[in-house]
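Computed from a prediction, not measured in an experiment: that's the story for all the values here. Values below: all heavy atoms of this structure, side chains included; hydrogens, waters and symmetry mates excluded. Each chain gets a letter, A, B and so on, in the order its sequence line appears, and its residues count up from 1.
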Amino acid sequence: DGEIYFPLQSYRVGPYAAGGTGFFGGFIDYLNLINERDGGVNGVKFVWDECETEYKVERGVECYERTRSTHQPVGPAAYNPLSVGIAYALIDRATADKIPLITINHGRTDSTDGRVFPYVFPLQLNPWSEASATVNYIGQQLGGLDKLKGKKIAVLYHGSPYGKETIPIFELLAKKYEFEVTQIEVPHPGNEQQAQWLTIRRLKPEYVVLRGWGVMNPVALKTAVKTGFPVDHIIGNVWSNSEEDVIPAGDAAKGYVSVTTHPSGTDFPVVKEIVETVYGKGLGNLADKGRIGSVYHNLGIVNGILNVEAVRIAQAKFGNRPLTGEEVQWGFDHLVIDEKRVAELGAAGLLQTIKVTCADHEGGGAVKFQQWDGQKWNVVSDWVASDRALLRPLIEQSSEAYAKEKGITLRDCSADNPS
Amino acid sequence: MTGAPLLVVEDIEVVYQQAILALRGLSLHVDAGRAVTLLGANGAGKSTALKAVSNLLRAERGRVTRGRILFEGQDIGRLDTADLVEAGVIQVLEGRRCFPQLTVEENLISGAVSRRLRGRALRSALDRVYDLFPRLVPKRGLNAGYTSGGEQQMVAIGRALMARPRLIALDEPSMGLAPLVVEEIFAILHRLRDEEGISLLVAEQNAAVALAHADHAYIIENGRAVVDGPAAEIAARPDVRDLYFGLKTSEERTFHA
Amino acid sequence: MSDLLATAWALEQAGVTPAFAARDGKAAVTGNVALLHLADIDLAFGGVKALSGVGFEAAAGETLAIIGPNGAGKSSLLNVINGIYRPQGGRVLFEGRDLTAKGARAAAAAGIARTFQNIALFKGLSVVGNIVTGRSLAHRAGIVEQVLGLPRARREEGEAHAAALELLDFLGLGAYAERPVGALPYGLQKRVELARALAARPRLLLLDEPMAGMSAGEKQELSDAIRAAKARFGMTVLLIEHDIGVVMTLSDHIVVLDYGIKIADGTPDAVRNDPRVIEAYLGQGH
Amino acid sequence: MTDLTLTPPRAGVPAWVSYLPVPLLLVVAFGILPFVGDQYLFDAILVPFLALSLAGVGLNLLTGYAGQVSLGSAAFMAVGAFASYNFLLRLDGLPLVAGIALGGVTAAALGIVFGLPSLRLKGFYLAVSTLAAQFFVQWALTKFDWFSNGNTSGVITAPPLTVAGISFDSSVGRYLLSLGIVSLLTLAAWRLTRSEIGRSFIAVRDRDVAAATLGISVLRVKLLAFAVSSFVIGIAGALWAFAYLRTVEPAGFDLDRSFQILFIVIIGGLASIRGAFLGAGFIVIFPLILSRLGQFLFGDLFDSGVLENAQKIVLGGLIIAFLIAEPAGLSALLARITRRKSI
Amino acid sequence: MDFLLEVLVGGLLSGVMYSLVAIGFVLIYKTSGVLNFAQGAQLLFAALTFVSLVERGLPFVAALAVTLAAMVVIGLAIERLVLRPLVNQPPITLFMATLGLSYVIEGAAQLLWGAQVHGLDLGIDDSPIEAAGIFISQFDLFAAAVAGVMVAALVIFFRKTRTGLAFRAVADDQVAALSVGIRLPRVWAAVWIAAGVVALVAGLLWGARLGVQFSLSLVVLKALPVLVLGGFDSIAGAIVGGLLIGAAEKLAEVYLGPYVGGGIEGWFAYVAALAFLLIRPSGLFGQKLVERV
Ligand SMILES: Nc1ncnc2c1ncn2[C@@H]1O[C@H](COP(=O)(O)OP(=O)(O)OP(=O)(O)O)[C@@H](O)[C@H]1O
Ligand SMILES: Nc1ncnc2c1ncn2[C@@H]1O[C@H](COP(=O)(O)OP(=O)(O)OP(=O)(O)O)[C@@H](O)[C@H]1O
Ligand SMILES: [Mg+2]
Ligand SMILES: [Mg+2]
């Protein structure tokens, strides 16, 4: 008896509603699939309720406070806000309340360091890994990392902490591979980029890395075309990679390449099962079925898989019953999904293998690249890994500074995860 | 008394902001072709009475809560100001209220908006006003905000005339004007009554001038008409002279009508 | 009179208002030193010449009336005197000091106060609040003192209130002390404005049509009040008024403006009979 | 003389009676709530309510009393928060309260800078020009990561909330700390409005020319208003950052927040200290009620997006309705209601 | 040099897009003294309605007609339900009411049409044409032409027609306008409808540029400095202000930006407008208030 509870701080209204409906739709669809198909995980069903945040921090906080002590005795299993701002505001709270905070593909890079942030999980990909993988991909395109030398790369980033987060990493990579990087800011919201693209045109870089957000993305593509920059040499990051980012740009987006942690489309067994089982029973969450298999929807499904697997792993230790947040944290801390498990989950090609440890809360760090053909995204690369060894010391430097500022003593991970 | 009653105000009560009782059972009437003046101390309710007549109270969160107002025998309580202007009642507001950013001529034309005049008809309507107020001719292209007080008063009256009213309600037309101009303006009002048969309802503090140019007068106090009668008679009453001509200061401020 | 002076107004000695040349009314009235001296004032707005070469003197203690048709430049002249407008030419000397274009605050600090043609009360304050504001210049306490209610702030506040209550009584406004000014009848508002100006203890009081829109009785009352205030506080009054009756009874000296030019300057009788004044302003009726 | 009101003034009731509710509220807030409230009440409702009320009080000093409309309040909140953070971080051993106060002082200094245009501009021209502060501050805080101690995410986190050796780092603690600061500053603001300076604010607002002729330096008063208001708003920002969110990014102080504060002031009532609290109550609590009610009544029928949009419509409609019913704000509405009752 | 020219031209053309939004503000401000913050929401509503109708299979013209009708209804409703009850209230109250209004309109737009983003193709080619060595967007040229026509029409309307005169009278003094028989409700309704139409035009052009999505409502932030510079009540000012702001902001971003780390466009326009205002407090073309004491 009892259930596992996910309070969802969703956003289906406001500027980012398109992403929110897709992501939370996918998440809910996957939880429904597990409930309907398997009767829950090891016999324990999932429940959730949605609390609208409009992507606003204080509303996210209110939602957190509203739900944090409900569904006792175990309480919420984890929070998945998909909002950088809300995630920041929840770090202290979730840590104090011992509830995992999942920031898949986003959040602060240094929260990868599980010694300082035991309850925060930027699963799959942190911003620095993304930058590193992108450079690796550009190297591949040029015919080897050594070919980067002397080339020009422009980074067009959103004028927010999120956008700025990778500035030092690109500088570092430029130094390492001896390419020239120019980082150009687009002020929020980014609906005007004439000046930036003219600067780019004068610069004539080989590639432009687009670290956009919301309306900034289609405008970047349109302005690129207007100023004569080839769109297939623009590489979007993980928040510039959805259908919502390219559809408004219309034809201008044809040929645009972007990072993704998972391909879009419905050609995966797990997505098919969702269509059959969940949508078949009329339980599907997306009002517009055309969006099934879209980037955000699939991200929601991936997020669902990761959450459910963490619960499953934790149950193996604590027993097949509803779990407390602290117990689920253990599951995330030991979240390992190998090729075999990926296949079992029906997510081959959709989900990368992941190995989270006490110290490393990212666990993945690889991306694929996809290209928009005007109708859909086509994957154009295999998994491209990031240079995690290069990044790790920097991450630790940053997280240790945070620990010092906050007076946090580092968690000892040597015992837990013998490597 | 000659002429049929053009405007009849019957026992009206006016409340501002659901709290301030400004008129408490005021009755008066204006006969066609007559000039009627309302006298009274500050705050007696003169302006309120005029605004009630031309239905301008709503803009100040005021309401007629009792009684009725008839124009040519018709209850006009439910008409709005624009309907009233079309029916022939127009008000010249206290403090002139020209449109400061419009030129003198545009101000005048704005008075004819309800009549949809154009071309020659508009021209002749303007000429009629310029005839009455030749002083405005050289200023026609100037922003009204920059003209003198007397000129603004003329613009305001001229603007009202452009609507071809049958009753003009004027709120303190003499306020702040030089004696010569006051004379000039009242002379013109006189002319309008005599030559064009326009009825006038004039609220004034300047009792001497107002009574000299009116046919009939009401004295308003505390939101009621306490005295009324032919202007000449009123002007002759000693208590009125005491209070409104300022020959003596008096402590005793009430009438026994 | 002098006992009252000794009570409420003596408190002011503790403040910083500059000493008067003549503190009691009598001496001031008899004095005939030029308190205010205007020389060749020119003022134009864009193309419009509002004042051309206007100059005159006001003796200490006198009541000077400025009359003239609408738009003659009377209000503009007042605005020049107390520093609201900056004249293009000419000089404003007050007690020998040059105030030309020094701004309104300097004029106020020098001892000039005024009322406005269109009532300019502070609608958000009560009657006392308005009057107390008239004494702003006397306040020295800083923000911290005022917020914490330290002794100096308390004392200044007390003095200001006492002075305001005095004036309320004096002008017969006692019953309205706590009323918001916006709801008062026009005549009373004008009186509150006068009280506010008096609260500054000016040596020169400028009144711009203080009686416009009043009934004859009210005009009479206000004339009495002005006279009494003058006697009591011993200041010079410069007044703009269209009611020629009031002007004749109240003023010692009249200046007439027409189209920005001074056309007459003299005693009431002389001005009244000046044919140019009759033609430009008074008309035959007077 | 003739302005007889239908509702006569409450003759014979001494003025202090109308202040009676204040001590009563304080007794409840300090003496009772800390013992009966739960964490949700403190962390999700009361603390943000207090911080926003204080911001409302601050803006009301500027907009309500001194008549200068500002759309840049959130920027001053941000400055208060980031400056306090840096003072506490960089000055070893600086007491928390001093750090917060210095944050307020920094905000005040910036307020003066961005208040300078008010000497020339009025109305919406001024309002729009304050947006320069809004966008500039947000840009600068994001751009230069010195402000966030080199944090690549540009976020700052709350310092330990310890005053005189007592830790306020619990829910109740944060609430009490906020309540204490807000009460003190509100009292100060209230006293200010009743002082000579407060009157000069009103004088400048109502008739700046007349104020100048009384010797009030319009320039000084306006800048003082900007300074005082920004000081209070800056401290509200520090509370918002430290006692409420605890980890914030500059984007948390965006234009929406500025509007929110202006809303609080106008819905609550201009030139009314009490109004700021009523307005904040409305803005903070009302959407919560709406959202919970919506969830409760229709949660099963519609998805949360539909509900949210419907709530948005209701909220917008209610704001308009309130403005129509009582343009002078909730404070005036309350006054009218209590006056009715007292007859 | 070429590059400078290119930045300049690009800036001017972007500026025209700002003007399109600014005009809507001016219309309302001129006649009711209100800064209508709901302009952005109206723009969003218009574009979203239009694109949703087209996506549901309505032909272009029919969709345009239906959207136009919707804007008319909204204009009438605003006049009746918001403005009329708030007659004679201080501008700030009305400003807040328009903020409330923007909630209602945004909520309604999303409730009706959902939160999805849409592409909008007006059939105008956006590929650049090269003239004298610089790239010029055809779309921007088209937008500039539309803005030009709109401004010319409105200026003529205000200056030369009787209704235009009535509008200006209302702008000057509402009570006086009432007293001479101008029907305030009618004027307001007409103005709000006109502003709705302007919002539709701006919404379609901006929508074609950004895609139709919630962020469309944020373009008002680009229009505000234009208003300040040009004067809140000047239609000609809206266009000149737009050009100036567009050019200044682009030049600043390109030539000044690198020295301070870039991304200064967000505030530069405001600071530039502000600096200008200190010289001319009522904008380039704004009417100087006749203030007398
Ligand atoms: N807009 C308003 N709101 C509230 N009360 C008002 C309003 N207008 C007038 N009053 C009140 O109504 C009463 C009558 O005022 P009204 O203006 O009609 O007097 P009046 O005779 O015209 O005076 P005056 O000679 O000063 O013009 C006064 O007590 C006044 O305070
Ligand atoms: N601020 C201003 N801007 C432009 N012109 C002004 C201004 N103030 C006054 N004027 C002009 O200066 C001239 C004199 O005006 P002023 O107000 O001084 O006249 P006045 O003698 O006081 O008239 P009234 O008796 O009507 O009050 C007028 O032509 C007026 O239009
Ligand atoms: Mg009146
Ligand atoms: Mg004058």
Side-chain angles (χ1 to χ4, degrees), chain A residues 8 10-14 17 20-21 24-25 49-54 56-59 61-69 84-85 87-93 96 107-111 127-128 159-169 185 187-188 285 287 394 398 401-402 405-407, chain D residues 38-45 47-48 51-52 85 89 135 138-139 141-143 145 148-160 169-171 240-241 244-252 254-257 260 284 287-288 291-292 294-295 299 303-309 311-312:
Chain A
L8 304 182
S10 62
Y11 45 97
R12 295 170 182 270
V13 174
T21 48
F24 290 100
D49 36 47
E50 285 191 74
C51 179
E52 172 71 35
T53 67
E54 276 191 70
K56 288 183 181 157
V57 176
E58 66 274 21
R59 300 208 40 189
V61 170
E62 192 272 328
C63 289
Y64 176 87
E65 294 293 343
R66 197 195 287 188
T67 48
R68 57 178 273 284
S69 53
V84 179
Y88 290 156
L90 296 188
I91 289 176
D92 269 11
R93 292 168 207 254
R108 45 193 298 169
T109 302
D110 57 7
S111 66
W128 292 1
S160 64
Y162 142 74
K164 285 181 56 213
E165 178 120 20
T166 53
I167 290 179
I169 294 309
E185 177 171 326
H188 176 80
N285 191 269
L394 293 167
S398 173
Y402 175 84
E405 188 186 312
K406 295 285 287 184
Chain D
D38 67 352
Q39 187 177 345
Y40 175 74
L41 183 69
F42 297 131
D43 279 356
I45 297 184
V47 174
L52 288 181
Y85 167 81
L89 180 81
F135 294 124
Q138 235 183 306
W139 172 83
L141 291 178
T142 316
K143 186 95 246 167
D145 54 15
S148 43
N149 195 24
N151 182 301
T152 48
S153 305
V155 299
I156 56 169
T157 45
D169 264 319
S170 64
S171 284
W240 181 262
Y244 177 43
L245 292 181
R246 286 174 265 159
T247 305
V248 274
E249 47 176 349
D254 62 358
L255 187 60
D256 280 348
R257 179 95 43 242
Q260 197 178 34
V284 172
L288 287 181
S291 125
R292 297 200 131 182
Q295 200 85 48
D303 80 13
S304 73
V306 172
L307 283 182
E308 186 62 27
N309 281 316
Q311 283 156 27
K312 236 178 151 172

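Between A:K56 and D:D256 there is a side-chain heavy-atom pair separated by less than 4.5 Å. D:S291 has its side chain within reach of A:R66: a pair of non-hydrogen atoms, C-beta onward, lies under 4.5 Å apart. Residues D:K312 and A:E54 have side chains in contact (heavy-atom distance under 4.5 Å, counting atoms from C-beta outward). Side-chain contact between D:W240 and A:E58 is present, with at least one heavy-atom pair separated by less than 4.5 Å.
Neither the backbone nor the side chain of D:V248 comes within less than 4.5 Å of any heavy atom of chain A. Contact of D:Y244 with chain A is made through backbone and side chain together, with heavy-atom distances under 4.5 Å. Interface residue A:P168: only side-chain heavy atoms are found under 4.5 Å from chain D. For D:D38, no part lies near chain A; criterion is any non-hydrogen pair under 4.5 Å. D:L41 does not touch chain A: none of its heavy atoms, backbone or side chain, sits under 4.5 Å away. For D:D254, no part sits under 4.5 Å from any heavy atom of chain A, backbone or side chain.
Here A:R93 is the residue among A:E50, A:R93, A:R68 with the most heavy-atom pairs under 4.5 Å with chain D. Contact tally against chain D (heavy-atom pairs below 4.5 Å) for A:E65, A:K406, A:R12: the top residue is A:E65. Ranked by heavy-atom pairs shorter than 4.5 Å toward chain A, the options D:P159, D:A44, D:P250 are led by D:A44.
Considering CG of D:L245 and CG of A:D92, their distance stands at 11.0 Å, rounded to 0.5 Å. Note that CG of D:L307 is 9.5 Å distant from CD of A:E52, once rounded to the nearest 0.5 Å.
Shown are A:K164, A:E185, A:H188; of these, the side-chain contact (heavy atoms from CB on, under 4.5 Å) with D:T142 is made only by A:K164.
Considering all non-hydrogen atoms of both residues, A:E62 and D:L288 come closest at CD-CD2, 3.0 Å.
Look at D:E308 and A:R59 and you find a salt bridge, because one of the NZ, NE, NH1 or NH2 atoms lies within 4.0 Å of a carboxylate O, short of that distance.
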Checklist line | Stepwise side chain to side chain contact (heavy atoms under 4.5 Å, CB included) test for D:T157 and A:Y402 | finding: CA-CA 9 Å; D:T157 45; A:Y402 175 84; 3.7 Å; yes
